[in-house]
Every structure is written in C-alpha cells, then in structure tokens.
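Notes follow once the structure below has been shown.
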Amino acid sequence: EGFSSSRDSITDQELLELSERLYGVDHNKARPSDIALNPQHLAGPDETGDKQDRSPQPLYKYVNEELFSKPTYASFIKLLDNYQRATGREEEVTAEELREQDRFLEEVMKTELMKELFAFLRGKNRYGSEQEFVQDLKEMWFGLYSRGDGERDSSGFEHVFSGEVKKGKVSGFHNWIRFYLLEKQGVVNYFSHNFNGPWDTYPDVLGLQFSWDGFYKEVGSAFIGCSPEFEFGLYSLCFLARPGRA
C-alpha cells in the first residue's frame, strides 16, 4: 500500500535496468552448447488452436543434464512432483515438502542474482532484512489459494513452474526444465511453436503448443535455458512492483 505515490515507488526505467542486471548475473544459465532445440513447425495464428501435432520430433534434441546438479536446479527439480495438477482438489503439503521449499529458497538466496534483487528492494524500503524477504517469497510462491470450488488447490509455484489442468486445459506450465523432463518421459508431446525469440544465446523465448497427458496448451511461453533463480527473481520483482497489473 502507498508505495506508488512515494519516493519508494519503482519506475518502469528501474524495472528495465534491474531486469537487465539480473539477466547479466544469471551465472547458472545454460551455455549455447548445453541445449539443442528442434523447433520444427512454425504455427500460424489459425493453427495454434486446432490441436494438430505438426512436429514429429521432440522439442529438445539435447540438454546437458550436468546443469541439473547445480544446487538451485537440484532443489528446484525436487519441488516439481509436490503437486496434483487438477484444480478443485485440495493440496496436501507434507513436512518433507516444506523442507524442500525451504531448501530451494536457501539455495536461490545464495546466488548473486537474488542478492542483487534483495539489495534493490531493501533500497526501496520494501524489506528490512533478508529473513523478511524470504518469508514473503515463501508466502507469495508456496502459499495455497483456491482456483475453484473453494479448495486450497493452487499456488504461484505450482501454476507457473509445475503446471495445472483446469477445465480440461493446461494452465500455467511455463518452465523449460519441467517441459524437458516430462518430454523425456513421454508425458509431454510438443506440437509446434508460434514465436521464436531472436536470441542465439540463453535464455531464449519460445511460444509453443503442446499436449500434457492429453491436455492441450494452445499458446504457452517459456524462457529456455535460464536458471530457476532467474525466473523466480524476475517474476517476484514484477509481482512486487506491479501487483495485479500487466
């Protein structure tokens, strides 16, 4: 409350500059040699909704899985199986899952990227201590809320990174690591892409169509090849700076 009218407000220019700094200190991102993509069919606007698989091969030709042994990746991957994807069904959170959340937050906070974000937010008087920031991140990302029938069936983390199914369609599911792991298991089937960012390094950006166990995503988007902390930090910044707004 009240930040927007005070000297502690965050301007569009500051968002732009800080985002670029976070991009610059993403030391755990994939190198160009770590990932080989096979985007295949470029879908036109009239093709994204018709559920046709126009790409016979998987999206990922190769990923250097050594990336996944880095602490932020390893602790992130442990969180992915903590959710049931159907909305309207209460999530049960075990003691072990709570420990996994704490471990992930602990690991991301060791990175230069999250330290940079915290320093900026502390400078804007949003947080007095790192502990306060971590507590807020935990509530923001892992706090449960309802997407249907009043059940505490969803969280920011589940929606954005792990993915959900709502009314027969895939909802959320924007993470490249999650996509790669499920594609490798044969659970995700890549159909086509409707946008391919102009970058030849990572993170790249892809708009894509896919099916997850028979449930369809008409236009999903993902940063490809960034570290978990890059997405986690950038989305947190957007949420804190522009709550409820584009």
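Values below: every heavy atom of this structure, side chains too, minus hydrogens, waters and symmetry copies. Counting begins at 1 with the first residue of the sequence.
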Donor-acceptor pair, side chain of Q57 and main chain of Q40, under 3.5 angstrom
no
What distance do E229 atom CD and L22 atom CG have between them, rounded to the nearest 0.5 Å?
10.5 Å
Quick check against the 3.5 Å criterion: does R242 have a side-chain atom that pairs as donor or acceptor with the backbone of I10?
yes
Say whether Y180 and E65, considering side chains only, have a donor N or O and an acceptor N or O under 3.5 Å apart.
yes
Between Q135 and Q131, do the side chains contain a donor N or O and an acceptor N or O under 3.5 Å apart?
no
Got a salt bridge between E91 and R85, using NZ or NE/NH1/NH2 to carboxylate O under 4.0 Å?
no
Taking C-beta and beyond as the side chain, do V63 and W176 meet within less than 4.5 Å on heavy atoms?
yes
I'd like to know whether the aromatic ring centres of F68 and F76 sit less than 6.0 Å apart in this structure.
no
Distance from E158 atom CD to F173 atom CZ, nearest 0.5 Å?
12.0 Å
Evaluate E97 against Q101 for side-chain hydrogen bond (donor to acceptor under 3.5 Å, both in side chains), listing each step before the verdict.
CA-CA 6 Å; E97 287 171 358; Q101 292 172 11; over 6 Å; no
All side-chain hydrogen bond (donor to acceptor under 3.5 Å, both in side chains) counterparts of R89, not counting sequence neighbours:
Q84
Has K217 got its NZ or CZ under 6.0 Å from the middle of the six-membered ring of F191, at an angle within 45 degrees of the ring axis?
no
Does any non-hydrogen side-chain atom of F232 lie less than 4.5 Å from one of L105?
yes
For residues S192 and Q209, is any side-chain donor paired with an opposing acceptor at under 3.5 Å?
yes
Taking atom types as modelled, is there a side-chain donor on Y202 or D34 under 3.5 Å from an acceptor on the other?
no
Those residues at least two apart in sequence (or on a different chain) that pass salt bridge (charged side-chain N to carboxylate O under 4.0 Å, His left out) with E107 are R103, K110
side-chain hydrogen bond (donor to acceptor under 3.5 Å, both in side chains) involving W212 - partner list, sequence neighbours excluded:
none
Check this for me, if you would: do D204 and K29 make a salt bridge, where the nitrogen-to-carboxylate-oxygen distance has to be below 4.0 angstrom?
no
Have H41 and E47 got a donor and an acceptor in their side chains that come within less than 3.5 Å?
yes
For the residue pair R147 and S154, confirm or rule out a side-chain donor-acceptor distance under 3.5 Å.
yes
Who passes salt bridge (charged side-chain N to carboxylate O under 4.0 Å, His left out) against D102, sequence neighbours left out?
K138
Is H193 reaching over with its side chain to a backbone N or O of P39, donor-acceptor style, under 3.5 angstrom?
yes
Have S211 and N189 got a donor and an acceptor in their side chains that come within less than 3.5 Å?
no
By salt bridge (charged side-chain N to carboxylate O under 4.0 Å, His left out) - contacts of E130 (at least two apart)
none
Measure up the Y235 and W141 rings against each other and bin them: parallel (under 30°), tilted (30 to 60°), perpendicular (over 60°).
tilted
What orientation do Y127 and F118 show, parallel under 30°, tilted 30 to 60°, or perpendicular over 60°?
tilted
Aromatic ring centroids of F142 and F157 under 6.0 Å?
yes
Does the S155 side chain pair with the main chain of L144, one donor and one acceptor, at a distance under 3.5 Å?
no
Using the side-chain hydrogen bond (donor to acceptor under 3.5 Å, both in side chains) criterion, which residues pair with E14? Sequence neighbours excluded.
T11, K124
